[in-house]
Amino acid sequence: MNTELKNKLQKVYALVEQGATEGERQAARIQLDKIMKRYNLTESQLQSLDKEFYYFTYTSNNEIRLLEQIAYVLAGLDLKWYRYAERKRMVAQMTYMDNITITCAYEYFRRHMKSEWNKACANIVKRCRTTKTRNEKRALLQVAFISEYLVASKLYKLDQLVERDAKSQKERNALKSVRGVQGGKYNKQMTNGLLLD
């Protein structure tokens, strides 16, 4: 679909949704049906007109989990994410306003989470002598840390909470290390959905 057709469809669809009078909305709907029939478009394609692909960079699995939770909890989106590991990018299709909401929250929580990780876990990982034990300790701490951080930041929905039992002594020590992690406090931006061109 070329950009000219896409722009035309967006304008006509906006009239269908937000026309000033009932007659204007009906006329726009008739025009929209003609265009859809002419170009063989479906209703689902029409719904995704204002969606584009946006990418987010990450440095660890904790940031991936944080990004997914922000999209799910703050933006209310259950997105299909594409992961490009060689470039360390996550890509998803969303509206511009959803992108702004997710980007702002992600950058805030990402920086806050990194500072909390440095306070709670970085020194524990640095004490390990070999690379192998350092990586094992980091992986164990990351699982415990992200769970604790998401709960402390209130980045969860009630159906996601489960009671967690530590099975080994290492897991119990990891959970003990991340106790007291402080979560971030973020106020979601409010919007009425209307944008200027």
Side-chain angles (χ1 to χ4, degrees), residues 1-113 146 150 153-162 183-197:
M1 179 182 320
N2 63 25
T3 56
E4 185 179 318
L5 175 62
K6 187 175 179 180
N7 290 338
K8 185 177 182 179
L9 278 169
Q10 284 176 332
K11 289 175 183 175
V12 173
Y13 189 67
L15 279 175
V16 170
E17 296 293 315
Q18 301 170 355
T21 65
E22 186 62 35
E24 186 179 35
R25 288 191 292 270
Q26 287 176 351
R29 185 70 214 181
I30 291 168
Q31 186 66 28
L32 184 65
D33 289 340
K34 285 180 185 178
I35 294 171
M36 287 176 61
K37 187 174 182 181
R38 182 176 179 191
Y39 291 101
N40 198 21
L41 299 172
T42 63
E43 196 69 35
S44 64
Q45 289 172 319
L46 191 62
Q47 296 294 328
S48 66
L49 273 179
D50 61 342
K51 294 184 179 178
E52 294 189 27
F53 285 97
Y54 294 96
Y55 73 91
F56 302 86
T57 58
Y58 66 90
T59 57
S60 68
N61 288 336
N62 280 355
E63 290 183 2
I64 294 172
R65 179 101 186 269
L66 177 68
L67 179 61
E68 292 170 344
Q69 280 299 112
I70 288 171
Y72 183 63
V73 175
L74 289 182
L77 303 173
D78 193 13
L79 298 173
K80 181 176 182 181
W81 290 95
Y82 301 96
R83 183 175 175 181
Y84 296 102
E86 69 278 352
R87 292 189 179 176
K88 295 208 171 212
R89 288 185 175 176
M90 296 286 287
V91 179
Q93 189 177 21
M94 63 189 79
T95 65
Y96 177 73
M97 288 306 293
D98 289 335
N99 175 50
I100 295 296
T101 301
I102 293 170
T103 300
C104 291
Y106 178 57
E107 287 304 319
Y108 166 74
F109 280 112
R110 182 181 182 182
R111 290 178 183 151
H112 186 267
M113 183 176 72
I146 191 63
L150 291 174
S153 299
K154 297 183 176 87
L155 287 175
Y156 61 88
K157 292 193 177 180
L158 291 177
D159 61 328
Q160 293 180 308
L161 289 178
V162 292
K185 301 204 180 347
Y186 181 79
N187 296 322
K188 184 179 172 186
Q189 299 173 0
M190 299 301 291
T191 180
N192 60 3
L194 300 177
L195 301 172
L196 297 175
D197 281 333

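When a residue number appears, it is its place in the shown sequence, counting from 1.
Atoms OG1 and CE, from T42 and M36 in turn, are 6.5 Å apart once rounded to the nearest 0.5 Å. Interatomic distance, I64 CD1 to T59 OG1, rounded to the nearest 0.5 Å: 9.0 Å. Distance check, rounded to the nearest 0.5 Å: CZ of R110 to OG of S60 gives 8.5 Å. Here L67 contributes atom CG and T103 contributes atom OG1; the two are 8.5 Å apart, rounded to the nearest 0.5 Å. Separating the NZ atom in K51 from the CE atom in M94 is a distance of 9.5 Å, to the nearest 0.5 Å. Note that the CG atom of L66 and the CD atom of E63 stand 7.5 Å from one another [nearest 0.5 Å].
Summarising the geometry of A28 relative to V12, their closest heavy-atom pair is O-CG1, 3.4 Å, with the distance given to 0.1 Å. In plain terms, the two heavy atoms of L74 and A105 that are nearest each other are CD1-CB, 3.5 Å.
Residue R89 qualifies as enclosed at atom CZ: its count of foreign heavy atoms under 6.0 Å is above 12. Sparse packing is recorded around NZ of K37, with 12 or fewer heavy atoms of other residues, nucleotides or ligands lying under 6.0 Å away.
Residues L9 and L41 form a side-chain contact, since some pair of their non-hydrogen atoms from C-beta on lies under 4.5 Å apart. Between H112 and Y186 there is no side-chain heavy-atom pair separated by less than 4.5 Å.
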Kindly indicate, with the supporting measurements, whether the criterion side chain to side chain contact (heavy atoms under 4.5 Å, CB included) is fulfilled by I146 and N61. CA-CA 9 Å; I146 191 63; N61 288 336; over 6 Å; no

Under the side chain to side chain contact (heavy atoms under 4.5 Å, CB included) criterion, do T57 and K88 qualify, and how do the steps go? CA-CA 6 Å; T57 58; K88 295 208 171 212; 5.9 Å; no

Start with the C-alpha distance between L150 and V73, add both sets of side-chain angles, then the distance that settles side chain to side chain contact (heavy atoms under 4.5 Å, CB included), and finish with yes or no. CA-CA 11 Å; L150 291 174; V73 175; over 6 Å; no

Tell me, with the steps shown, if Q93 and K80 meet side chain to side chain contact (heavy atoms under 4.5 Å, CB included). CA-CA 8 Å; Q93 189 177 21; K80 181 176 182 181; over 6 Å; no

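Residues meeting the side-chain contact (heavy atoms from CB on, under 4.5 Å) test with T21, sequence neighbours left out: E24. Take E68 and apply the side chain to side chain donor-acceptor pair (under 3.5 Å) test, not counting sequence neighbours, and it matches no residue. With sequence neighbours excluded, the residues satisfying side-chain contact (heavy atoms from CB on, under 4.5 Å) with E22 are R25, Q26. Scored by the side-chain contact (heavy atoms from CB on, under 4.5 Å) test, K185 finds no partners at all (sequence neighbours excluded). For S153, the side-chain contact (heavy atoms from CB on, under 4.5 Å) partners two or more places apart in sequence, or in a different chain, are F109, Y149, L155.
We find that R29 and D33 are joined by a salt bridge, their nearest charged nitrogen and carboxylate oxygen being less than 4.0 Å apart.
Pairs of residues two or more places apart, or lying in two chains, that qualify as ring pair (Phe, Tyr, Trp, His ring centres under 6.0 Å) and include a residue from residues 39-78 are F56-W81.
In this structure, Q160 contributes its side chain and K157 its backbone to a donor-acceptor pair below 3.5 Å.
Residues D98 and T101 bring no donor and acceptor atom of their side chains to less than 3.5 Å of each other.
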